[in-house]
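One structure below.
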Amino acid sequence: KNQVEQSPQSLIILEGKNCTLQCNYTVSPFSNLRWYKQDTGRGPVSLTIMTFSENTKSNGRYTATLDADTKQSSLHITASQLSDSASYICVVSAGREYGNKLVFGAGTILRVKS
Amino acid sequence: DGGITQSPKYLFRKEGQNVTLSCEQNLNHDAMYWYRQDPGQGLRLIYYSQIVNDFQKGDIAEGYSVSREKKESFPLTVTSAQKNPTAFYLCASSITSGSLNEQYFGPGTRLTVT
């Protein structure tokens, strides 16, 4: 069964600290992996997208890594800010054979406090 | 929210009533999608449309209906046949349904049925 598991479910950190969110997937075949940020009551916004051949991609203070062999990804947030408080969602695309279907994780809820 | 509007933001209905959620995009995207988000779960695909006058069922289409008469618009009707309609509904669009194409999400509509 195609699944995307994220950990931890929630996380609280102090402003200025770094944190790493984890994503494990069983989706096969694999096309690409995306990280989205979703503020409360809003739609998700794309942070990064990585294909099979990419193992790291950055977007400002956000750095995503991908290990396609172990089917794991992480999202590292550097020097956290209060505005980073949101849900972070890992999404895997199953490829053309499955209609490019996206499989969504349940998200990690991050709270940054001062 | 990337040129996608959803209305209304909050919607309340009595059980047994059909309700239609609006989704409009001005991004000239061919593909549009409807997702449902429930607490603690990943987004689930309800319906998607790759082109005008064409749409396909997603993973949880039962109790829902859609139309795609115009490129810009993809309304979702939640019928009385949907057993648990209370949820956060997200509309998205992409240039095409290709696997690397980013999906842009609207701000969402929170539907409460009592």
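Letters go in sequence order (proteins before strands), and every chain restarts at 1. Everything numeric in this text was worked out from a predicted model, so none of it was measured.
By the 4.5 Å heavy-atom criterion applied to side chains, B/Gln37 and A/Ile89 are counted as neighbours. At least one side-chain heavy atom of B/Leu90 sits under 4.5 Å from a side-chain heavy atom of A/Gln38. Residues B/Tyr33 and A/Leu102 fail the side-chain proximity criterion, which asks for heavy atoms closer than 4.5 Å. With contacts defined as side-chain heavy-atom distances shorter than 4.5 Å, the pair A/Phe104/B/Gln41 does not qualify.
Residue A/Lys113 places its NZ atom among 12 or fewer non-hydrogen atoms of other residues, nucleotides or ligands, all under 6.0 Å distant.
Using a 4.5 Å cut-off between side-chain heavy atoms of Ile, Leu, Val, Met, Phe, Trp and Tyr, with links allowed through other members, B/Phe105 and B/Tyr64 fall into different hydrophobic clusters. By the rule that hydrophobic residues join a cluster once side-chain heavy atoms approach within less than 4.5 Å of another member, A/Ile49 and A/Leu21 end up as members of separate clusters. B/Tyr35 is not connected to B/Ile60 by any chain of hydrophobic side-chain contacts under 4.5 Å among Ile, Leu, Val, Met, Phe, Trp and Tyr, and they are in different clusters. In this structure, B/Leu45 is not a member of the same hydrophobic cluster as A/Val27, with clusters built from ILVMFWY side-chain heavy atoms closer than 4.5 Å. A/Leu47 and A/Ile109 are assigned to two separate hydrophobic clusters, defined by single-linkage of ILVMFWY side chains at heavy-atom distances under 4.5 Å.
With a threshold of 4.5 angstrom between heavy atoms, B/Tyr48 does not approach chain A through any atom at all. With a threshold of 4.5 angstrom between heavy atoms, B/Leu43 approaches chain A through its backbone and through its side chain. Proximity to chain A (any heavy atom under 4.5 Å) is restricted, for B/Asp59, to the side chain, taken from C-beta onward. With a threshold of 4.5 angstrom between heavy atoms, A/Gln6 does not approach chain B through any atom at all. With a 4.5 angstrom heavy-atom cutoff, A/Ser87 does not touch chain B via any of its atoms.
Interatomic distance, OG of A/Ser46 versus OH of B/Tyr104, reported as 7.5 Å (0.5 Å rounding).
Among B/Gln103, B/Gln56, B/Arg110, the residue making the largest number of heavy-atom pairs under 4.5 Å with chain A is B/Gln103.
The heavy-atom pair separating B/Lys9 from A/Gly41 by the smallest distance is NZ-O, 3.1 Å. The shortest heavy-atom contact between B/Phe88 and A/Arg42 is CE2-O, 3.8 Å. In plain terms, the two heavy atoms of A/Ala106 and B/Gly40 that are nearest each other are CB-O, 3.5 Å.
The backbone N or O of B/Gly58 sits nowhere less than 3.5 Å from a side-chain atom of A/Lys101 that would complete a donor-acceptor pair.
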